[in-house]
Amino acid sequence: MLEHLDRLPPDPILGVMGAFRADPDPRKVDLGVGVFRDDAGETPVMRAVREAERELIARQTTKTYVSAVGNAGFNEAMARLVLGQGHAALAPGRLRTIQAPGGCGALRLGAELIRAAAPDAVVHVSSPTWANHVPLLSNCGLRLERYPYFEPATGGVAFEAMLGALDRLPPRSVVLLHASCHNPTGADLEDAQWRELLSVVSRRSLLPFIDIAYQGLGRGVAEDAYGPRLFCAELPEVLVAVSCSKNFGLYRERTGALHVLSETPAAADAAISQLMRIARGLYSMPPDHGAAIVHGILTGEQLRSSWEGELDAMRLRIQQLRAATVEALTAACRTKDFGYIARQRGMFSYLGLGPQAVRELRDRHHVYMMDDSRINIAGLRLDNIGYFAEAVAKVVG
Ligand code: LMR
């Protein structure tokens, strides 16, 4: 029965991760998968996570099931983290949250909910978008389309083109938006652009589905959530998929949540009942460990402030690496302007190289990045940034 299955190529991101791990060369540089690294090249367990985990293990007396929506305390804390204390949508009634297996799980739950509500709905994603958005959103049967987003000439957002395209969509189209630290381009919307976007989304009756996977790693915890906070204050319906992989460093614990804002409390009750049924049919219940850790951090005064301090340091490191990357590339390559990298935010930027140059970097210089030349800035170290820039100069010419 299984003998006719085609062998598939590796996942574009996880494939690069595997190739990097298999390379024995000591000079190798991993700019592939989007994980934060410190200046020793490690992805450490955050101190606040270690402490919360220690406390959790000390007090946990059972491993019995939690619930279909996961840890209620975690869900509430995640709503406050994304929306900010005192946000109008936190008042009882319209907002419901379900814990999910990572941001990926949250995206898939959101897609399934949309499919249950409107099987013919079309989801519009930015061009380009994170490679895994495509299977996560379309494998349940939804159709995907793309809207213009990135302007290679400036390294910024092609905002007029984006707005124009969204302004032509039929009502009830779904628009997937990146809250901050756009993956793969690093080009983010400014606050004023979120406000302009809001008026188009509202006028055209579009459903925003916002992916927030890097809160705190761009401009700051509140600043990176400007879009979801604004949209949830002003619109009748919003979906927000949240990941704790990067800002809590909980990658393998698969910790995330889906927030659904509905127009009325009755619609919110219906939405969460649908989500519980969907989750039950996909994986039954989400894993608890990471959510219990995040709950401990966000509700413990000391742990929270320790986590915020660590997150600030991570953000600062990324910002410093962006500046150092531009400096090193500018010194090494006279033919190309990389200044846009310092203006972008979060972990990712494009180098703007073709597939041949990317292959050469990998095969000759052991520098690994995505085939489309997306690099994870946080994968660089001050002691290998020069090697990286020289290698880029060699392939760019
Ligand atoms: C990435 O874009 O590299 C990360 O979000 C990790 C992943 O799962 O793809």
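Both counts, for ligands and for their atoms, begin at 1 and track the order of listing.
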Q. Measuring from N247:CG to E308:CD, what's the distance to the nearest 0.5 Å?
A.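 Between atom CG of N247 and atom CD of E308 there are 11.0 Å.
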Q: Check each atom of ligand 1 against the heavy atoms of Y214 and keep those under 4.0 Å away; list them by number with element.
A: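 Answer, ordered by atom number: 5 (O).
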Q.
Please list, in number order, the atoms of ligand 1 under 4.0 Å from a heavy atom of R374.
A.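 Reading through ligand 1 atom by atom, the close ones are 1 (C), 2 (O), 3 (O).
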Q: Mark the output for N132 as yes if a heavy-atom distance to ligand 1 is under 4.0 Å, and as no if none is.
A: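 No, N132 has no heavy atoms under 4.0 Å from ligand 1.
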Q. Looking at R37, R381, R21, which hits salt bridge (charged side-chain N to carboxylate O under 4.0 Å, His left out) with D30?
A.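 The residue from R37, R381, R21 that satisfies salt bridge (charged side-chain N to carboxylate O under 4.0 Å, His left out) with D30 turns out to be R37.
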Q: State whether F20 and K28 meet the cation-pi test: NZ (Lys) or CZ (Arg) under 6.0 Å from the six-membered ring centroid, and within 45° of the perpendicular axis.
A: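 Yes; both conditions hold, so K28 lies above the ring face of F20.
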Q: Assign the ring pair H178 / H133 to parallel, tilted or perpendicular, where the plane angle (0 to 90°) is split at 30° and 60°.
A: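 Because their plane-to-plane angle is over 60°, the rings of H178 and H133 count as perpendicular.
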Does [X] approach ligand 1 within less than 4.0 angstrom via side chain, backbone, both or neither, non-hydrogen atoms only?
{"X": "V33", "answer": "both"}
{"X": "Y251", "answer": "neither"}
{"X": "N376", "answer": "neither"}

Q: Report, as yes or no, whether the 6.0 Å neighbourhood of atom CZ on R203 holds more than 12 heavy atoms from other residues, nucleotides or ligands.
A: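 Atom CZ in R203 is crowded, with more than 12 foreign heavy atoms closer than 6.0 Å.
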Q: State whether the number of non-hydrogen atoms from other residues, nucleotides or ligands found under 6.0 Å of R204 atom CZ is greater than 12.
A: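 Result for CZ/R204: enclosed.
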Can you report which non-hydrogen protein atom sits closest to [atom], along with the distance?
{"atom": "atom 9 (O) of ligand 1", "answer": "W130 NE1, 3.1 Å"}
{"atom": "atom 3 (O) of ligand 1", "answer": "G34 N, 2.7 Å"}
{"atom": "atom 5 (O) of ligand 1", "answer": "K246 NZ, 2.9 Å"}

Q: List the atom of K246, the atom of M314, and the distance in Å for their closest heavy-atom pair.
A: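 Distance-wise, the nearest heavy atoms are O-CE, 3.6 Å.
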